[in-house]
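Hydrogens, waters and symmetry mates are skipped; everything else that's a heavy atom, side chains included, is used.
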Amino acid sequence: MSLTVDVAGAAELLKIHPETVKKMIHKGELPAAQVGRAYVMMTKDVLEYIENAVIRETAARMRRPSKSPKPRRQVATP
């Protein structure tokens, strides 16, 4: 794996559209440098972003109360 990725490479790793990667760069969510007209990112930074998202979202799911099945109504028999 290469040390750096462009927008298309980051989008492929993140499984998102390249325009979304550009928005993330402009928001400061992904560190990147503009070289000429293109953005370049460290592959490790993109992978770290993915790892942190997985950890954060898994922790959020673990904090939610589990949904227990609703008890079934008992039908009275005559």
Inset, instruction - Please answer: with hydrophobic residues joined when any side-chain heavy atoms are less than 4.5 Å apart, are M42 and V40 in the same cluster? - result: no

Legend entry - Verify same cluster id: I25, I50 (apolar side-chain graph, 4.5 Å): yes

Legend entry - Note, T43 side chain near L13 side chain (heavy atom, < 4.5 Å): yes

Inset, instruction - Could you tell me which non-hydrogen atom of A10 sits nearest to which non-hydrogen atom of V21, and how far apart they are? - result: CB-CG1, 4.0 Å

Distance-only donor-acceptor hits, side chain of residues 30-39, under 3.5 Å, sequence neighbours excluded:
none

Legend entry - Within 6.0 Å of CD in E29, more than 12 heavy atoms from elsewhere: yes

Inset, instruction - Mind checking ring-ring contact (aromatic ring centres under 6.0 Å, His included) for H17 and listing every partner two or more places apart, or none if nothing turns up? - result: none

Can you tell me how far the [atom1] atom of [X] sits from the [atom2] atom of [Y], to the nearest 0.5 Å?
{"X": "T4", "Y": "D45", "atom1": "OG1", "atom2": "CG", "answer": "11.0 Å"}
{"X": "L3", "Y": "K44", "atom1": "CG", "atom2": "NZ", "answer": "10.0 Å"}
{"X": "M24", "Y": "M41", "atom1": "CE", "atom2": "CE", "answer": "9.5 Å"}
{"X": "L14", "Y": "T20", "atom1": "CG", "atom2": "OG1", "answer": "9.5 Å"}

Inset, instruction - With sequence neighbours excluded, tell me which residues meet side-chain hydrogen bond (donor to acceptor under 3.5 Å, both in side chains) with T58. - result: R61

Inset, instruction - Please assess E48 against N52 for the test side-chain contact (heavy atoms from CB on, under 4.5 Å), listing each intermediate value before the final yes or no. - result: CA-CA 6 Å; E48 184 178 308; N52 289 334; 3.7 Å; yes

